[in-house]
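Working notes, structure below.
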Amino acid sequence: MVFEYAPAPESRGIVALRDSYGLFIDGEFTDGGGVFKTVNPADEEVLAEVASADASDVDRAVAAARRAFDSWGSMPGRERGKYLFRIARLLQERAREFAVLESLDNGKPIRESRDIDLPLVAAHFFYYAGWADKLRYAGVGSAPLGVAGQVIPWNFPLLMLAWKIAPALATGNTVVLKPAETTPLTALLFAEVCQQADLPPGVVNIVTGAGETGRALVSHPGINKVAFTGSTEVGREIARAVAGSPKRLTLELGGKAANIVFDDAPVDQAVEGIVDGIFFNQGHVCCAGSRLLVQESVADEVLESLRRRMSTLRVGDPLDKNTDVGAINSAEQLSKIRELSDIGEAEGAERWSPPCSLPSQGYWFPPTVFTGVSQAHRIAREEVFGPVLSVLTFRTPAEAVEKANNTPYGLSAGIWTEKGSRILWMADKLRAGVVWANTFNQFDPASPFGGYKESGYGREGGRHGLEAYVK
Ligand code: NAP
Ligand code: MG
C-alpha cells in the first residue's frame, strides 16, 4: 500500500534572510576582500551573498582574537562559564530559526535539524559551560593555548561549530572559525547570538570563504592551535602545513564504517539501524554505516526487509516535516556520488533504489543499495558521503572483524546481536573510535568522538575534548 501525505512545510518566515552577510571580526560585521553566493540545494535558489575573507581579513581576525585572549584567557572559569550558558540558552530560544536556516542552506530535513542538530548544539554548549570552572579537576591541564584556528565542513554546519567553539571557549581560548563555503549562514547567525550574549569582541571571529580562506587561517603564524574537520585529503595537506610549527593540531576526517548484523539480531530493529546509519543526513555523515556486513544465513531476509523499508522513505522538500531524506548539499557532491555509484555498477555490483520521484530542480540522489559488493570494489573502500550503502556478507565473527577493519579509515562501527559477550569481544577488536551496539549514530556531548588511522587524531566531546585546548 502506498501512503500519501499532505505536504506539511515548516514556514521559513521565522528566518529574516538578509541579501548580504559580512565577516564577523572583533564583535562586528565587516566587509571582506570578495563575495560569494550561497544557495539552497533543494531548489538552487540563491539565498544570500556572503563576504569572502582573504589573507588580510584573516590577519585582522587573528589579531582581534589575540587581543581578546589577554582578558578572556585569564578570566575566572566561573565567569567564562556564564557566557557559555547564556549562548546555550539563546540557541535554545532561537532553535526554530536556526533549524529552518540550517535546512535552507544545507538541504537536510527539518525533522533532523530541529530534533537532532539543534538540541545537540545547545547540549554541547551547556556541557562545556559546566566544565569552565572545573578544569582543575579534569586532569588534563587548565592553561589555555591562545588563539584557535578552526575549519569545519558542510554536513553539520552548526553542530560542527559547536563541537569546535564550545570546548575552546570553556578552556579560555579565543577562536577564528571558517565555515564551509556552501553552508555559511548558521555560523553567521551564531555570530549574532555572540553579540546578543555580550561576548567580549574578538573572542569568536567567523571568516567565511572557500578553501583559500581555510588555507590562510591554518597557515597563519599567529594561531596556537588548528582544529579541522573535513576530508582526509585536506587533512593531510593541513598536517603538512602545520608540521614543524609549535601549533597543536587535531583532525577529524573521513570514515567508512561497518554496520555488522549477526543472525541473532532482531531484524526489524537492525533494519531501522541500517537505515538510520546510512540515510540520516543523506549519508553526509563521516561516521555513516556505509558498509553493511550481514551474516550470510540472514542476508536474504535482512535485504528484503531493508528494501521494503527503503521504499517508505520520503525524499523531497527539506522543510517538509514528513521528509526523511533531503537534498544533496552541492552540485559538486552530487557528481561525486554519481561517479562512485556508476563505478560500483561498472565493477559488477548490483544497484537498487526504491521507485521515487525526485524534484526536477536542485541536487537529488535516491537512497541506493549495492549488493554483490566485494572488498576490492571502490564503493566498499572509498567514502561516498551520500545515501549509498554497500552490502557484504560474512560467516563467522572473526571474518566480520577482519572485513570491518579492512579499510584505511577507523571512525565508527555498529554491532547488531543479542549476545552481550559477542558485543564486548567485537568492540575490543574493531579498530574504530566509536562502536555502537544495537543502535547507530547516537551522539552525546559527554562522549568523546574521533578516529583511528586515516580518520584522524584527537577526540572531540567529553572530558577528552578539553585536552585539545589546554596546556
Ligand atoms: P573538505 O573539502 O575537506 O572541506 C572541509 C573544510 O576545509 C571546508 O571548510 C573547506 O572549505 C576547507 N578547506 C578546503 N581546502 C582547504 C585547505 N587547503 N586548507 C584549509 N581548509 C580547507 O571536506 P568537505 O567535503 O567539506 O566535507 C566532507 C568530509 O568531511 C568527508 O570526508 C567527511 O567524512 C568529513 N567529516 C568528518 C567528520 C569527523 O568528525 N570526523 C565530521 C564531518 C565530516 P570549502 O568549504 O570552501 O571547500
Ligand atoms: Mg548553501
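Every number for a ligand or one of its atoms is a count from 1 in the order of the listing. We use all heavy atoms of the structure for the numbers below, so side chains are in, but hydrogens, waters and symmetry mates are not.
- Taking the ring centroids of Phe190 and Phe125, they lie under the 6.0 Å cut-off.
- The number of heavy atoms from other shown groups lying within 6.0 Å of CD (Glu332) does not exceed 12.
- Protein residues with any heavy atom under 4.0 Å from ligand 1: Val151, Ile152, Pro153, Trp154, Asn155, Lys178, Pro179, Ala180, Glu181, Gly209, Ala210, Gly211, Gly214, Arg215, Phe228, Thr229, Gly230, Ser231, Val234, Glu237, Ile238, Glu252, Leu253, Gly254, Cys286, Glu383, Phe385, Leu411, Phe449.
- Remark: Arg351 engages Glu345 in a salt bridge, criterion side-chain N to carboxylate O under 4.0 Å.
- Using modelled atom types and a 3.5 Å distance limit, the side chains of Asp105 and Thr183 yield no donor-acceptor pair.
- In this structure, Glu467 has no side-chain hydrogen bond (donor to acceptor under 3.5 Å, both in side chains) partners at least two apart in sequence or on a different chain.
- A donor-acceptor contact shorter than 3.5 Å links the side chain of Gln150 to the backbone of Lys164.
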